[in-house]
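Order of the sequence lines fixes the chain letters, A, B, ..., with proteins taken first and strands second; residue numbering starts at 1 for each chain. Side chains included, hydrogens not; waters and symmetry mates left out as well; all remaining heavy atoms used. Given the structure is predicted, the values throughout are model-derived calculations rather than measurements.
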Amino acid sequence: MGYQLSKQNFGEVLGKLGETYRLFAPVLKKGEGRFKDTDVVRYDFVTNPDEIELEKKSDYAFKEFMLPISETLFFFTEDQVKEADIDEKDVLVFLRSCDMHAVKRLDYIYLENGKEQDWFYKRLREKVKFVLIGCADTFEDCFCVDMGSNRTEDGYVFSVDVIDGEFCCDVPDADMAKVFAECKAVETEVTPRFVTENEVHVDIPESIPIGIYGSDVWDEYSARCVNCGRCNIVCPTCTCYTMQDVFYTDNGKVGERRRVAASCMIDGYTNVAGGGQYRRTNGERMRFKVLHKIQDFKSRAGFNMCVGCGRCDMVCPEYISFSACINKVADAVRKEADDE
Amino acid sequence: MSRDINVKKLKKNAFRQSKVRGEAASRVRCPGGEIDVESLQRVVDIAKQYGKGMVNITNRQGFEIPGIDLDDMEEVNKALQLIIENRGINQEKYNGGYPASGTRNVVACPGKSLCPFGCYDTKAFAQEVDKAIFPNDHHVKIAFTGCSNDCAHTRLNDFGIIGQTEPQYDPARCIGCEQCVKYCKKRSVGALKVVNGKIERDTNKCVGCGVCVNYCPTRAWTRSKEEYFRVVLLGRTGKKNPRMAEDFMKWADHDTVIKIICNVYAYLDEYLDKEAVESKEHIGYIVDRTGFEEFLKYIMKDVDPNPKCEIQGRIYWGGKRYDQTNELRQSMFRFSERED
Ligand code: SF4
Ligand code: SF4
Ligand code: SF4
Ligand code: SF4
Ligand code: SF4
């Protein structure tokens, strides 16, 4: 069922939904970018439609709800453990098509990879329903079409597209549809907008031979990349974390365990006892990241990890393009095949 | 033909007397180190028509057009009108050129308009101050720089204004990657440390450079909405006692800065040595005579500093006193007389 409604009425819908749900959406944070007077779009809880950034693509990913950047898992004393409480309210997460596809990747890692499900992920994940933000046009760095994540047909409770100031929503969820109908929404046929063409194209080789490990495509990244890890932090499909056990007092036996986001590009990620470090150069780290996103993950899960959202390109201070790297790998693979 | 020229008037009118008899150089004022291309073209045209086809770029971000025949000064002043208007310079007489030259061009680094480290709009602040103090015959040097890097060399000015931001920390976004700690140490003063996986800032040590904000991959560090300034006083070059400006205020706000600068002129009216050659004296030498307390009384008149502003009550300057000794310290020798 589809609806068209004014911004004010859409606000009423959100107001009503706010009684049951918390709304987690992209927000333009003025002046909170890296540089003076630059902004950043990142996720936060909102209460009215004016707060939601529906036009720009978010710089940081929606995953920060299910995988908080820093999350206290439990508190411990000498012989007791207590899990940290969470807000009991359900959550509506506003996201784009590529992000919907990213959810499948997060679920795979935390719920389907191995025998145990991740209890902490699961309890947050179960609270979430999704609101799809349509894409009127591709953004500069997107390559969702080639990654097959440009279109989302299900999995959301309603969608939002703002067309000439009117809110157009596809509302497959019956309970949600009731709320829309109560708020003077006019019934109409709505298909969420999605892009069919990006400026960026990638050509992912079907299979990447092991020889690529020794290829010189990685060399330039040793010099260019500054291992800041921003590409991982903003990525909707990066799932790595590390643990921090914190003791509240110097000699205390009371404390908490936190998990915080980790990055395979940042120093320390591959450190092991005794001072070993598996991937020292940034070229090696880039190799690991890229192949994980377009090959290694797929060999387990059956689908690629990267969804082509382009956020890693947007954030990289050194103008390192992930999609360009994919294409360099493709060239190297082709060259190797030709040489044989 | 014998010339009868009032050299004092010529200098006040922003022409520099040349060693070549019958010639002068026209000095173009560019507050904040900024010039529009139309004005720049006019500089070129004046140099071609009245000068020698060459232009000197001055240390204080102005232009100096040499080789102007003293008889052409009036015509040059007319040609300067466009630049004076485009640059928003206060003027007394239309087509009369610059009305004063004592207070020097107000210098600025590019600041936030260009530089990733710029903490405020240096050029706009410089231009605002120029509007407030120009024309004035007193010899005062003022410079604005975007951050503690001090690319504008404010430490060689009577008033040096250095931008500061107060970094804001959100522990919920911190992953403990320690990049802020590392870069604060390497590129700045080392004011950060890790405590229990999160970051502590030594608020006394922090210079407000914003380096931590630039390097944080998660936006755990952001810039304060408020802009702050460090004010350094009475630096100078010169023959007698060249020295660096010393800290007077930190975390001062915009109004405090502009008021203390404007206040210095009353002090100079009162205490400038009436016998000073060309009525020109570095302010610091006057302060040596009157004592710092008297200077403070004048520049702080009607100033109500913002609560966060910290002020240095006594200032001691360094630098060599050439009027006392011209000796080189330690192991003085002539290179040619070395024993092998
Ligand atoms: S964002 Fe760019 S520089 Fe930083 S780690 Fe990623 S690729 Fe390297
Ligand atoms: S690797 Fe880059 S393009 Fe792919 S999902 Fe992550 S952020 Fe998006
Ligand atoms: S990658 Fe595709 S789905 Fe994602 S924001 Fe860009 S256009 Fe929209
Ligand atoms: S503002 Fe500069 S000095 Fe202060 S903590 Fe950040 S990097 Fe260090
Ligand atoms: S750089 Fe940012 S995320 Fe990393 S430790 Fe510092 S504040 Fe935390």
### Message
What part of Y215(B) gets within 4.5 angstrom of chain A, counting heavy atoms only: side chain, backbone, both, or neither?
### Response
both

#### Entry: Part of Q168(B) lying under 4.5 Å from any heavy atom of chain A
neither

### Task
State, yes or no, whether a side-chain contact exists between E53(A) and V27(A) at a heavy-atom distance under 4.5 Å.
no

Tell me, side chain or backbone of [X] under 4.5 Å from chain B's heavy atoms, or both, or neither?
X	answer
K30(A)	backbone
E71(A)	neither
E32(A)	both

Closest-packed option against chain A by number of heavy-atom pairs under 4.5 Å, given [options]:
options	answer
E178(B), R219(B), Q179(B)	R219(B)
N214(B), V213(B), T222(B)	N214(B)
D121(B), T165(B), T218(B)	T218(B)

### Task
Tell me whether the guanidinium CZ or amine NZ of R173(B) lies under 6.0 angstrom from the six-membered ring centre of Y60(A) and within 45° of its axis.
yes

#### Entry: Within 45° cone of Y241(A) ring axis and under 6.0 Å: R259(A) NZ or CZ
yes

### Query
What residue in G33(A), G255(A), G31(A) has the most heavy-atom pairs under 4.5 Å with chain B?
G33(A)

### Message
Quick check for you: among C231(A), A261(A), S263(A), which has the greatest number of heavy-atom pairs under 4.5 Å with chain B?
### Response
A261(A)

### Message
Could you walk me through whether F125(B) and F229(B) satisfy the ring pair (Phe, Tyr, Trp, His ring centres under 6.0 Å) test, starting with their C-alpha distance in whole Å, then the side-chain angles of each, then the deciding distance to 0.1 Å, before giving a yes or no?
### Response
CA-CA 11 Å; F125(B) 205 168; F229(B) 305 93; 5.2 Å; yes

### Query
Are the aromatic ring centres of F45(A) and Y21(A) under 6.0 angstrom apart?
no

### Query
Does the pair D130(B)/R29(B) count as a salt bridge with the N-to-O cut at 4.0 Å?
yes

### Task
Compute whether any side-chain donor of one residue and acceptor of the other, for Y265(B) and T103(B), lie under 3.5 angstrom apart.
yes

